Q: 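Pasting a structure here, questions to come.
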Amino acid sequence: SGIWRSILSRLQDSILGRTEELRAHLYLEDLFKNAFSALARFTGREAGREVMSLMGYLEKFKDLSRTLEGATSIVDIVKAAHACAGGFAIDGIALCLHAEGPRPIGPLSRGENPYVHMRWIAPSAEDAEFPAETIAPDGAFPRQAKSSRRELVIMPLQGMDVSFGYIAFEGNKTPPVIFDTFRDYVSRAFESVERLERARLAEKALGEAMEHVRESGERFRVISETLPMLVLETNPSLAVQYANRTAQKSLALDETPETLAGFIHRDDAKKVADVIAALVPDRLIEFPGIRLVEPESRRLIPI
């Protein structure tokens with residue numbers, strides 16, 4: 001419509017500029033007004049059809065979003081994408097991922113190709129590795145979709161800071177915005193699954209670490225019961241959580257909850273406060289020497 005509007009404008013300027021007779025000039029003015037009016041009606045109808053089509057696609061994207069929300073694995077995402085692709089005038093779709101897993105997004109060295117060893121995952125959950133030069137394996141697209149008039153569109157699948165691979169579409173006069181929006185939905189689903197997987201691994205590692213600490217603590221406590229030295233465990237509030245026999249005897253601790261704060265020499269109180277303020281999870285810090293005061297004899301005990 002933009003090209004036709006330009007053509008009509010140039011014709012109008014050229015013809016009216018060379019028409020001197022008044023009746024012919026008025027006739028041509030009216031003729032061009034009708035032409036611009038017809039163009040506006042046609043453009044409006046086309047725009048309306050496009051809007052209605054996009055509104056229909058919007059409902060389908062809502063279905064795609066709901067389907068992808070329940071995805072908890074890469075296979076779930078692949079199955080959802082293939083199940084919904086047909087509603088978007090997409091003839092074929094192939095999700096091609098980095099064979100080594102997601103890779104960070106960053107500057108590339110000269111001649112480096114970020115897409116080398118790729119892995120294609122079929123809706124049946126079968127996967128196959130292939131070189132990226134072939135775009136996708138032979139079985140990625142159905143035979144009926146391959147024709148001389150097909151459109152092949154390739155778009156990257158990316159999160160905020162990682163690349164998952166790319167998605168390849170086959171279509172026939174599919175609006176470009178459909179490809180881009182579809183790709184965006186799938187990319188966000190991959191990012192959610194990756195975050196979920198990272199959380200699972202972190203939770204597993206934390207559980208293993210806590211179990212190791214618990215087992216080590218139990219072994220150490222068995223040994224510490226026989227040591228002729230004070231062994232104490234506190235939390236950051238200085239509440240005593242464990243004391244071996246020597247510590248219980250020296251500090252006259254009983255079974256009631258105790259805090260170490262009452263045993264710290266007053267000149268060392270600031271040292272302890274500084275240590276507590278500097279505590280960071282999973283990081284070791286150097287503990288300064290402090291003195292505890294034995295309650296009965298007021299004897300100083302260096303720690």
Side-chain angles (χ1 to χ4, degrees), residues 68-77 98 100-106 159-164 188-303:
L68 289 174
E69 280 178 2
T72 59
S73 68
I74 292 176
V75 172
D76 289 345
I77 296 175
H98 297 295
E100 298 83 8
R103 55 174 292 162
I105 296 175
M160 291 293 292
D161 54 0
V162 295
S163 168
F164 303 105
R188 281 185 284 170
F190 273 114
E191 195 168 25
S192 297
V193 167
E194 193 213 9
R195 279 199 298 264
L196 183 62
E197 184 61 24
R198 284 205 303 261
R200 285 174 181 161
L201 293 175
E203 186 177 4
K204 180 181 178 182
L206 179 61
E208 292 173 352
M210 292 298 293
E211 180 63 19
H212 180 69
V213 169
R214 186 187 65 79
E215 293 175 355
S216 299
E218 289 177 355
R219 288 196 298 269
F220 180 70
R221 286 179 180 181
V222 171
I223 298 172
S224 69
E225 289 299 323
T226 62
L227 295 177
M229 59 185 292
L230 276 68
V231 177
L232 293 159
E233 292 179 15
T234 78
N235 63 14
S237 300
L238 298 182
V240 177
Q241 296 179 320
Y242 169 74
N244 70 344
R245 293 175 187 173
T246 304
Q248 289 179 343
K249 184 177 180 181
S250 298
L251 299 179
L253 299 175
D254 53 25
E255 298 300 325
T256 59
E258 289 279 359
T259 174
L260 203 62
F263 299 94
I264 298 172
H265 192 279
R266 62 178 181 274
D267 294 340
D268 296 337
K270 186 177 184 309
K271 287 183 181 180
V272 177
D274 291 342
V275 168
I276 293 172
L279 288 177
V280 177
D282 302 323
R283 187 169 134 201
L284 295 176
I285 61 172
E286 190 173 332
F287 187 80
I290 66 168
R291 294 162 294 178
L292 300 182
V293 181
E294 193 178 60
E296 294 184 0
S297 64
R298 307 300 295 173
R299 180 171 66 92
L300 295 181
I301 305 172
I303 299 292

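Since the structure is predicted, the reported quantities are computational estimates derived from the model, not experimental observations.
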Q: Measure from the side-chain N and O atoms of Ser250 to the backbone N and O of Ala247, and report whether any donor-acceptor pair falls under 3.5 Å.
A: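 No, the answer is negative, given that no donor and acceptor are paired below the 3.5 Å cut-off.
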Q: Glu194 side chain to Pro102 main-chain N or O, any donor-acceptor pair under 3.5 Å?
A: no
Q: For a side chain to side chain donor-acceptor pair (under 3.5 Å) check, start with the C-alpha distance between Thr234 and Tyr242, then their side-chain angles and the critical distance, and finish with the verdict.
A: CA-CA 7 Å; Thr234 78; Tyr242 169 74; over 6 Å; no
Q: Salt bridge between Glu203 and Arg200, side-chain N to carboxylate O under 4.0 Å?
A: no
Q: Would you mind reporting whether Val231 and Phe220 have side-chain heavy atoms less than 4.5 Å apart?
A: yes
Q: Out of Val293, Val272, Ile303, which residue meets the side chain to side chain contact (heavy atoms under 4.5 Å, CB included) rule with His265?
A: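 Passing option: Val293.
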Q: Answer whether the closest heavy-atom distance between the side chains of Gln241 and Asn235 falls below 4.5 Å.
A: yes
Q: Once you round to the nearest 0.5 Å, how far does CD of Gln248 lie from CZ of Arg245?
A: 9.0 Å
Q: Nearest 0.5 Å please: distance from the OG atom of Ser224 over to the CD atom of Glu233.
A: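 With rounding to 0.5 Å, OG (Ser224) is 8.0 Å from CD (Glu233).
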Q: Can you tell me how far the CG atom of Asp267 sits from the CZ atom of Arg291, to the nearest 0.5 Å?
A: 5.5 Å
Q: Kindly say whether Ala261 contributes a backbone atom to a donor-acceptor pair with the side chain of Thr259 at under 3.5 angstrom?
A: yes
Q: Grab the two heavy atoms, one from Leu253 and one from Phe263, that are nearest each other, plus how far apart they are.
A: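 Closest pair (atom of Leu253, atom of Phe263, distance): CD2-CZ, 3.9 Å.
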Q: In Å, rounded to the nearest 0.5 Å, how long is the span from CZ of Arg103 to CD1 of Ile105?
A: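 So the CZ of Arg103 and the CD1 of Ile105 are separated by 9.5 Å.
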Q: For residues Pro288 and Val275, report the shortest heavy-atom separation together with the two atoms involved.
A: CD-CG2, 3.3 Å
Q: Less than 4.0 Å between a side-chain N and a carboxylate O, is that true for Glu294 and Arg298?
A: no
Q: Drop me the distance from Thr72's OG1 to Glu197's CD, to the nearest 0.5 angstrom.
A: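 Answer for the OG1-CD pair, Thr72 versus Glu197, is 10.0 Å.
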Q: Please say which of Thr246, Leu238, Leu292, Asn244 ends up in a side chain to side chain contact (heavy atoms under 4.5 Å, CB included) with Leu232.
A: Leu292
Q: Report yes if the side chains of Glu191 and Arg195 come closer than 4.5 Å at any heavy-atom pair, otherwise no.
A: yes
Q: Could you measure the distance from the CZ atom of Arg198 to the CG atom of Leu196? Nearest 0.5 Å is fine.
A: 10.5 Å
